[in-house]
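Counting from 1, the numbers follow the sequence of the chain as shown. Given the structure is predicted, the values throughout are model-derived calculations rather than measurements.
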Amino acid sequence: MYHLENTVRDYAWGSTDLIASLLGRAPSGGPEAELWIGAHPGAPSLVLGPTAEQHDGAVRLDEVIAADPVAHLGDEAGARYGRLPFLAKVLAAAAPLSLQVHPTLERARAGFAAQQAAGLAAEHPDSNYKDDNHKPEMLLALTEFTALCGFREPRVAAGLFAQLADSGALSESAREAAEQIGALLGAGDLPGAFTALLGGRTREVSPPVLDLVAQAPAAVERLRADGARIDPGLAELDALNGHYPGDPGVLISLLLNHVTLSPGQAIALPAGNVHAYLRGLGIEVMASSDNVLRGGLTPKHVDVGELLATVDFRPLPVPFVEPNETEFGQRIYRPGFEEFELQVLEVRAGSDVPVDQRGPAVVLVTSGALVLDAPTGDVLVSRGESVFLPATAAPVVARLAQSARATPGDDDGGSATAYAVTLPPRVQ
């Protein structure tokens with residue numbers, strides 16, 4: 001079992017204090033958007049302790065695994081993936097992320113290969129693919145967490161555009177744009193409405209749509225003043241336009257389910273699901289990939305053709321993931337993806353909790369201190385620390401540690417909380 005040092009990504013949309021508060025340390029003074037825990041080459045965790053000492057300093061987790069994939073991943077995962085199949089993140093959004101979608105495995109492989117053949121580096125700002133993997137993901141809320149995920153029923157979205165058109169606060173061109181988008185949605189044409197708002201394959205957004213983007217917040221205020229019922233999606237327009245003025249993603253947001261998660265609620269986001277995280281703190285788990293195709297709320301590259309070929313336009317309800325409460329004290333979230341499950345371990349004095357481990361696992365402690373007891377030895381993991389559990393470590397049991405290393409201010413050593421990511425039972 002290896003202690004890890006993890007990279008914090010300082011994207012501009014990140015919170016300045018949420019990750020630091022969760023992990024019990026001082027804020028860095030800048031935005032802290034994502035803490036990456038895993039072996040993705042974009043920001044692999046570093047292995048601490050004896051393994052690092054053997055290499056005269058910190059060594060990357062992906063390099064440790066590659067040196068003996070069977071021992072670290074297990075026979076099945078080693079043969080199937082050859083790398084750590086999942087990536088865990090602590091995500092802290094103080095501002096909206098881009099509207100985005102992730103490709104299927106087949107499309108990621110084909111797109112990455114074509115990109116390489118064309119000589120376009122993954123790091124280039126105009127590249128679509130950073131690697132050859134898909135990126136199904138799940139988000140577990142640790143605070144109230146607001147997101148957009150998947151398409152609403154078109155008739156519901158049509159009603160929102162009709163409200164804007166009838167508000168009396170729009171110019172003639174903006175009202176006509178709202179009516180035209182509403183007509184497409186009323187006919188059930190989600191792809192047509194999405195493409196029209198995005199500006200077609202050339203991303204040349206029409207002046208009437210740009211007028212509607214700019215005037216929509218004022219229309220919502222007029223509706224509110226007139227006592228109209230304001231859908232949460234409509235209520236979000238002013239904030240979105242404030243962060244991304246003139247971006248057509250402001251209006252595309254009305255096509256999507258708007259959801260506010262309470263702590264402990266989770267959503268699953270498969271390939272093709274258009275989504276955006278708006279604000280809050282959560283644990284995000286995904287297949288080990290950094291492939292993102294953007295569709296709005298961003299100054300970054302948008303490849304409309306590739307985006308349209310990737311999006312799943314089926315309207316769906318909010319894709320909640322219900323946890324399974326086990327007799328051993330775990331709360332396990334299984335979104336139905338083969339690469340990962342997420343466990344919440346609530347450990348109290350005198351109550352050992354097993355890690356539901358299959359193959360490799362990573363564990364992050366967010367309160368108290370735990371001893372992870374394995375046949376190969378024990379490790380102490382305190383608040384803010386994380387460890388990698390190779391397949392050979394199983395079975396691992398978590399028990400409460402009475403240790404001076406427990407962070408002051410935790411629950412007096414009476415309990416500890418950890419999040420563990422490992423492989424689920426084989427998805428049939």
Side-chain angles (χ1 to χ4, degrees), residues 1 4 6 18-19 21-24 34-38 86-92 136-145 147 261-269 277 280-286 319-337 339-374 379 381-389 393-401 406-407 410-411 413-425:
M1 295 186 281
L4 301 175
N6 306 303
L18 285 175
I19 290 179
S21 177
L22 177 71
L23 302 183
E34 296 177 348
L35 176 78
W36 286 33
I37 309 172
F86 52 77
L87 173 62
K89 299 179 183 179
V90 181
L91 184 145
E137 64 186 48
M138 178 176 67
L139 187 287
L140 170 66
L142 300 185
T143 65
E144 184 174 274
F145 196 102
L261 305 172
S262 298
Q265 287 188 301
I267 51 175
L269 301 163
Y277 300 139
L281 177 70
I283 301 289
E284 187 185 23
V285 192
M286 63 210 70
F320 290 108
V321 180
E322 297 297 331
N324 175 32
E325 306 275 354
T326 77
E327 61 181 305
F328 302 110
Q330 307 126 324
R331 191 162 73 249
I332 302 179
Y333 294 82
R334 291 182 178 137
F337 308 135
E339 288 87 356
F340 63 85
E341 69 176 32
L342 174 63
Q343 305 159 56
V344 183
L345 308 178
E346 301 281 358
V347 185
R348 301 187 181 278
S351 177
D352 295 352
V353 178
V355 178
D356 185 53
Q357 184 180 353
R358 296 171 193 82
V362 295
V363 178
L364 170 69
V365 175
T366 58
S367 71
L370 291 174
V371 171
L372 298 180
D373 186 349
V379 296
V381 193
S382 297
R383 181 183 181 188
E385 296 180 342
S386 59
V387 293
F388 172 72
L389 310 182
V396 175
V397 174
R399 67 172 185 271
L400 197 65
T407 304
D410 287 341
D411 189 11
S415 66
T417 302
Y419 297 87
V421 181
T422 188
L423 297 171

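Under the 4.5 Å side-chain criterion, counting only non-hydrogen atoms from C-beta, Leu139 is in contact with Leu261. Contact check for Phe145 versus Leu140: no side-chain heavy atoms found under the 4.5 Å cut-off. With contacts defined as side-chain heavy-atom distances shorter than 4.5 Å, the pair Glu137/Pro335 does not qualify. Using a 4.5 Å heavy-atom cutoff, the side chains of Glu385 and Val379 are not in contact. Between Pro360 and Leu423, the closest side-chain pair of non-hydrogen atoms falls below 4.5 Å. Between Glu341 and Pro425 there is a side-chain heavy-atom pair separated by less than 4.5 Å. Taking the side chain as every heavy atom from C-beta outward, Pro424 and Phe337 never approach each other to under 4.5 Å. Counting heavy atoms from C-beta outward, Glu346 and Val353 have side chains that stay 4.5 Å or more apart.
Note: Leu23 CG to Arg383 CZ = 7.5 Å, rounded to the nearest 0.5 Å. Here the NZ-CD distance, from Lys89 to Glu34, works out to 4.0 Å after rounding to the nearest 0.5 Å. Residue Ile283 holds its CD1 atom at 6.5 Å from CG of Leu22, rounded to the nearest 0.5 Å. Atom CD1 of Ile19 sits about 7.0 Å away from atom CG of Leu91, to the nearest 0.5 Å. The structure places CD of Gln265 at 8.5 Å from OH of Tyr333, a figure rounded to the nearest 0.5 Å. Distance check, rounded to the nearest 0.5 Å: CG of Leu364 to CD1 of Ile37 gives 4.5 Å.
Leu345 approaches Ala420 most closely through the heavy-atom pair CD1-CB, 4.5 Å. Between Val363 and Ala418, the shortest heavy-atom contact is CG1-CB, 4.0 Å. Scanning both residues, Val344 and Tyr419, for their nearest heavy atoms gives CG2-CE2, 3.7 Å. Nearest approach of Val421 to Ala88, heavy atoms of both residues: CG2-CB, 4.0 Å. The two residues Val365 and Ser367 come nearest to each other via the heavy atoms CG1-O, 3.4 Å.
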What's the verdict on side-chain contact (heavy atoms from CB on, under 4.5 Å) for Met138 and Leu269, showing C-alpha distance, side-chain angles and the deciding distance? CA-CA 6 Å; Met138 178 176 67; Leu269 301 163; over 6 Å; no
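Judged as a salt bridge (charged side-chain N to carboxylate O under 4.0 Å, His left out), and not counting sequence neighbours, Glu284 has no contacts.
The neighbour count for Glu325 CD, taken as heavy atoms of other residues, nucleotides or ligands under 6.0 Å away, is above 12.
Residue pairs meeting the ring pair (Phe, Tyr, Trp, His ring centres under 6.0 Å) criterion with at least one partner in residues 341-366, sequence neighbours excluded, are absent.
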